[in-house]
Amino acid sequence: MSVALVAVLAPLAAALSIASLRRAAPWLALLGAFASAAAAWATLRATAAGASFSASVEWLPAVRLRMDVDPLAALLSATVASVGLLVLVYAVGYMAGDRGTVRFYALMSLFLAAMQSLVMAGDWLLFLGSWELIALASYLLIGHGFARDEVGSAAGRAFLTTRAADVGLYLGVFVLFHETGTTAIGATVASGGAVGTLAGQLLLVAAAGKAAQVPFQGWLAAAMVGPTPVSALLHSATLVAAGVILVVRAFPLLPPGVLLVVGVLGGATAVVAGLTAIAQRDLKRLLAASTSSQLGLMLVGLGAGSLAAGAFHLVVHAAMKSALFLGAGVFQHERRSTEFRRLRGAGKEARWAFAAVAVAGLALAGVPPLGGFWSKDTVLAAAFGSPAAWLLAPLALIGSLLTAVYVARALRLVWTGDEGATKRAAVRERGGRGGRRAASVWMGVGLGGLAAAAAALGAFVAPIESILGHLPELATATVLGVVVASVGLAAGWLWSADTLLGRLRPWAESGFQVGAGLATFTTQPAFALAQAIDALDGVLHRAVVAGAANVLAVARRVSTADRVLHQLVEATAAAVLAMARVARSGDEHGIDAMIAALVRRTLAWGRASRTVQSGLVHQELVWAVGGTAALLALLSFVGFAPG
Amino acid sequence: MTIFLPLVGAIVLLALPRSGARFAHRVGITTSALTLLGALAMWWRGVGTGFSQIEEVAWIPSLGAAYRVGVDGISLPLIVLTAVLFLASFVFSAKIDERARSYVSLLLLLETASIGVFAALDMVLFYLFWEVTLVGMYFIIAGWGYAERQRAALTFFLYTLLGSLPLLLAILALYLGSEPRTFDMRVMIDAPPLTGLAAMLTLVALLVAFAIKTPVVPFHTWLPAAHVEAPTAGSVVLAGVLLKLGTYGLVRFALQMTPDAFRAAAPLVIVVAVVSALYGALAALAQTDLKRMVAYTSVNHMGYVVLGVAAAAVATDAGTRALALDGAVLQMVAHGLVTGALFLLVGMVQDRTGTREMGELGGLLGVVPLLGWSFVLAAFASLGLPGLAHFPAEFQVFLGAFGVYPLAAAFAVLGIVITAGLYLRAIQASFLGEPTERHVVMPDLGLREAWAVVPLLLLTILLGVAPRLVLDVIARAS
Amino acid sequence: MTDVAGELRMAHDLALMVPELTLLVASALALIAEMLRRPTWSLWLAGVGLLAGTVLTVPLVGTETTVFMGTYRVDALAAWSKLILFPAAALVLVLLRSEIRGKAREGTAYSLLAFTTLGSVVLAGVGDVMLVVLGVLLASLGSFALVAFEQDDRSTEAGMKYFVFGSVASALMAFGLSYWFAAAGSTLLSDLAALETMRVAGVAGLVGVVVGLGYKAALAPFHFWAPDAYDGAPVAIAAFLSVVPKVGALFALAQVVHGLPDELGWRAALAVLAVVSMTYGNLAALTQTSVVRLLAYSSVAQSGYFLLGVIALGRSELALDSLVVFAAAYAAMNLGAFAVVMQVGRELEDFTGLGRALGWLGAAMVVFLLSLVGIPPFAGFAGKLLLFGAAIDAEFAWLAVVGILNSVLALAVYLRIVVAMYQRGARTLRPLRPVLFVSGLALLLTVAIGLGAEAFLVRPG
């Protein structure tokens, strides 16, 4: 286990030391990534040889955090580590001169650590934790250039969309825990039946959100505002791949019905995102849409029942897509933009970069014998072999066709065009910058390494099969795949997007938004609800205040009434006194009479004394004392006389 | 004992006449630091099953009331939290010159009362400390708040007194129901004295009392009003400590002294808790004032606490019960740390810019990076990100509640999306983008501010990474 | 009974009445001193009489007996009334001295005050309906004159109103009590159980006694005289009236109803009266602009709280305790509040900035007011805790709820003063030493009674 742990801890340590030392950031990050990669490969070797790693620690009283490394996890870990390392190498060149490098490298390292821990997670809590940390790191990375106004909202949108979908993950985990009493992935995925259906569907929601599947695909394009190395990492082996990894992890749990949903979802996304990609006017946005579509193909493979097909495509796609992004970054450095409008002919200026992009692109399109051909072939084969082949196979084929079309279109747009004008502009810009040569070496190494991997992965089908298990094969699928790729490449090279899509293009370009996109159905109602609640809260508060005000009003009325009553009482006092006297006269007998008489007379005297105004308190007092004496005498009399 | 340490400090301060503001603050910081040490000593001494570190002094023996204090796994973390937050508040407040002596004395009094509530094992003593917190907070808001402070303080005092008086009735009912009559809370917990209708009526009184204090919808409207006008340290204490009194009472009284009635009423409580959580989150989403927003998120987070407690009341198996209750207590601690930090940071923003309106801010992350990143960290902690304090707490609460009322838990989980949305929106509006022209240059975190807020953030991370540090203590009680 | 035995008993009885007799003598001597134009002697005589009375009462605590054929009780209420009201009256003397020093007829006031106090404690020990009437008269006559002491228009009018109300109420009471005598054939309160079968007479008498004592205790709706009287009288006298005769009357009510059969429905009647008093008093106080009138109305409300304890008599063992503790608490906090008013002024606006100008006096006022609301750890809380407890115990939980709601209202009332105190607006005030003394002592007592309520509980152990 110790080796596998290094894969997680090395980038984490790098992140922490970068954050605390605040210097030598690129070197520390590279060191961490290298250590991680080395450990991951060592782990892969060991697991391929039959070893398995496991470790756990009790984190909450009822929940243990576990790491289980099986061959599949080791393969994914190695993929993540390798892609991460190469992207970082590239970034050393790309990010030179950026002011926020400390933050950038710390977050990239954190991101890698979280991803490694997700890949190796053996229980749902660790998975969930890593999953969310990835979301945090990507939020901050996408928001790297936060001083630009659109960056914040794009980063927020990315985080929010995936988090909304995460509710599915939370609930799915709750269902599984409730059913099995544990969060260990291995134990929970064994529970089938109704639980599997329910939990599976919940998990699928989360996976779709993370993997930018229909209907969550919109955030991915917006996330392109991050630095290109970030995009490369996010869109290949990490952030979005986490969605697919979730399905891979939950694969044993999913009953056939849910698997069909997975496949259809993936197929639909492959088609929709493929069309979206064709319509894009920006290279990075095209690649973003392409990511969705390729992840869709992976889900088709999984949905068709082949874990190996989906995982294989995941690995290969990681290399291809990161290479494509890194190439786009090279063009971006040349032209300070990724819009096709400004990239016309850029390929001819940076021929080595274009070559790498072309290799990776053709691999993505499925041209043999490049890596993508093999993985796509297994996906197609799986789709044809599935019980729902009638549905999945056409979707997969169309997805492949569209892939070839947009790859060809992108290559054409970057290669052809107004060479002279752009060259002059480029020379002008290049004049002002030094140190670019050193930078381009770093970038070249990163890009070249990934392109080579994209090209050569096909040679490793056998070892990969030994790790993942049987990869589906089908001659029909292979033939159709090659045909579709050729047709697509030709079409993409020959025809413009407008020709291909016609009136569909504007809608496709927006990612087939309905209204203002997903926001129409989620954010806007949420905000409306929030406003309503706020208004309600105001009403509540005013009601409380009004309640208090009412009390105050009542108090005022009481006060007034008090005065009126007071006068009333005063006015009737005399009358009452008289009445009392009358009433009492009928009641005079015995000792009572004596008291009454005494009272009456005392009162009368007292009143008489009051009516005269000057200094008669002495007299009053005398009366009082006299009265007291009399009463005391009376008391003695009463007390003793009967004795 | 630690409870009265702050009070001693206050008395010392008042006894020394005409001392300057600096001296007053020094006394405040020293005393609260010593109190924290005392609390840590209590932590170190630890708790066994049931109540530990008990002190008992006869007070009104013929009524069965006595000075009884002690701690268990539920109250001890809250006492330490209180000590931490007060120290942070004192450090942060050290800039206040206006009537510093009175300010520090009041805050120290408030600290004694707050710790007292958590430590009290006698219902009369509990109520005594409980009410003193109201008085102290009233004067803090009324004396050192913002523009509308008198009105806000009045609302706060009246509303929360309305809430605490039913508690008095409930205490009396419990007292009269006990045989022989006593105010000893341990006796009540070991053998709940009331049954049937009396228990239910008592529970209703308790629920009203704690619903207002916690607060849950629809009794929460005093909270934003009070927070908006309260001084920063007041807000920290109010949100971080005083709101916990409500949920602590819910556990100590409603759950432990009228368990059967609570079980019967739990469905209703759970509905209120879930509504509260979602309502608070949505209301926060609609705010444009940072402080109001944070205030409303308290309603959301405390809703989760109530949800956890209610789930614990219903849960039939010990595992689920412990899960929900542990989560609820941990959530109290987490909310104290995180919300305390958030209020401090919002206070710092207001000190610098003179406004809390998101629309008037922007780009602060570039202008004051330390402050900005601290806010981002606290915000992500508040929205329940793993690795930070709220996550283990909320996860346990949800997990526990799901075992009892899956649907309620499912609705409650939606809250995490809304809180994510509202914090991202706040970060985006206030900290990202171009800085507004008026706020291009301002000082970043000062030493005093850093000493106040950084420990809270570090504890937030510590709690998120290693929740067992606190959970092991909490678990002794549940 | 032989003469010897009678004499022995009389000696014994008189021994049990030493405190009252001491005060009677002291008051009479004070009066004589006034006639000799020696007001300072009057003051000292009255003061010494009160304090001596207090000291002499101490041995009587715990005695449960009656004297003079059951007409006068020497029990817990009687003893505690002396222990509470004598020192309270003594404190009033201190205030009064500084307020009226050098005025004509100064000594009269001291001696009247002592007489009125005597009347009040007699009320608290009544065992006979006749003594009720006597006590009310004794407590009233002096009060009328005290209210009118200033002799200006306002105070004279106030005195007159008070007097008129007093006459009517006393008359009604005497009238009603006559029914009891007729029906029960005895004037002893302990014989009133016989009223069980004679509802009409019983109710008539009850109405009478409630009116008479209710007037004295300023229970709504017999309170109309109070705001005017307090407003017209010297502040010290207002303080006196709000405490001494009121507590005497309420204790008398307790003595009277204690022996009544439940069938008369007196508990329900008093409960209604309590609700009316509490609510009405607080509501009316809420809008006053004069602090004296505000305190007058609030004292109406506080009388309502007392009734909770009265109602619980015979049903809850907390009832007696609650009455005693609350009386002590009420005396301390109310006197304290009035002392501050005497220093600061009668109007609410006079209080502006007090908290900033005179920090300690302001703080003391806050304590008195919070104690009046019933916030712990002050005396008022201990009293209310017991009162509510007694009410719930006596199955009047709803009444406790009403009381609780009224506490919120009361807080709103008193906070108006606090808010004013801490508003800006500096005033320079030179604190009067007697005020500082009285308010300081009251502060001490307010805290001490709150924390040491044990000492006031009637049955130890």
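Given the structure is predicted, the values throughout are model-derived calculations rather than measurements. Order of the sequence lines fixes the chain letters, A, B, ..., with proteins taken first and strands second; residue numbering starts at 1 for each chain.
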Participant: With a 4.5 angstrom heavy-atom cut-off, which part of C:Leu385 approaches chain B: side chain, backbone, both or neither?
Facilitator: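 For C:Leu385, backbone and side chain are both near chain B.
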Participant: Under 4.5 Å, counting heavy-atom pairs only, tell me which of C:Pro376, C:Ala363, C:Ala382, C:Ala455 racks up the most with chain B.
Facilitator: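 So the answer, after comparing C:Pro376, C:Ala363, C:Ala382, C:Ala455, is C:Pro376.
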Participant: For a 4.5 angstrom cut-off between non-hydrogen side-chain atoms, does B:Tyr175 reach B:Thr182?
Facilitator: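 They are not in side-chain contact.
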Participant: Check each atom of C:Val401 against the heavy atoms of chain B and say whether the ones under 4.5 Å are side chain, backbone, both or neither.
Facilitator: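 It is both, since atoms from each part get that close.
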Participant: For B:Leu162, is it the side chain, the backbone, both, or neither that has a heavy atom closer than 4.5 Å to a heavy atom of chain C?
Facilitator: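 Both backbone and side chain of B:Leu162 come within 4.5 Å of chain C.
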Participant: Passes ring pair (Phe, Tyr, Trp, His ring centres under 6.0 Å), B:Tyr127 versus C:Phe381? Steps please.
Facilitator: CA-CA 10 Å; B:Tyr127 189 76; C:Phe381 165 71; 5.4 Å; yes
Participant: Check each atom of C:Tyr422 against the heavy atoms of chain B and say whether the ones under 4.5 Å are side chain, backbone, both or neither.
Facilitator: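 Looking at C:Tyr422, backbone and side chain both touch chain B.
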Participant: Would you check if the side chain of C:Ser316 reaches a backbone N or O of C:Ala312 as a donor-acceptor pair within less than 3.5 Å?
Facilitator: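 No, the answer is negative, given that no donor and acceptor are paired below the 3.5 Å cut-off.
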Participant: For chain C, which candidate among B:Leu128, B:Val135, B:Val124 shows the most heavy-atom pairs at distances under 4.5 Å?
Facilitator: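 Sorted descending by pairs with chain C, the first entry is B:Leu128.
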Participant: Where on C:Ile404 is there a heavy atom nearer than 4.5 Å to chain B: the side chain, the backbone, both, or neither?
Facilitator: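 Contact with chain B: backbone and side chain both.
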Participant: Go through the atoms of B:Arg149 and report whether side chain, backbone, both or neither lie under 4.5 Å from a heavy atom of chain C.
Facilitator: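 For B:Arg149, the contact with chain C is made by the side chain alone.
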Participant: Is there side-chain contact between B:Thr202 and B:Ile171, with heavy atoms separated by less than 4.5 Å?
Facilitator: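 The answer is no; the side chains never approach within 4.5 Å.
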Participant: With a 4.0 Å cut-off, would you call B:Arg68 and B:Glu56 a salt bridge?
Facilitator: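 Here B:Arg68 pairs with B:Glu56 in a salt bridge, since their nearest N and O are under 4.0 Å apart.
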Participant: Charged N to carboxylate O below 4.0 Å: is that the case for C:Asp393 and B:Arg181?
Facilitator: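 Yes, charged N to carboxylate O under 4.0 Å.
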Participant: Pick one of side chain, backbone, both or neither for B:Leu169, based on which atoms fall under 4.5 Å of a heavy atom in chain C.
Facilitator: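 Both the backbone and the side chain of B:Leu169 come within 4.5 Å of chain C.
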Participant: Between C:Val310 and C:Phe251, does the side chain to side chain contact (heavy atoms under 4.5 Å, CB included) criterion hold? Intermediate values first, please.
Facilitator: CA-CA 8 Å; C:Val310 176; C:Phe251 278 19; over 6 Å; no
Participant: Under 4.5 Å heavy-atom distance to chain C, tell me which part of B:Tyr138 shows up: side chain, backbone, both or neither.
Facilitator: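 Looking at B:Tyr138, just its side chain touches chain C.
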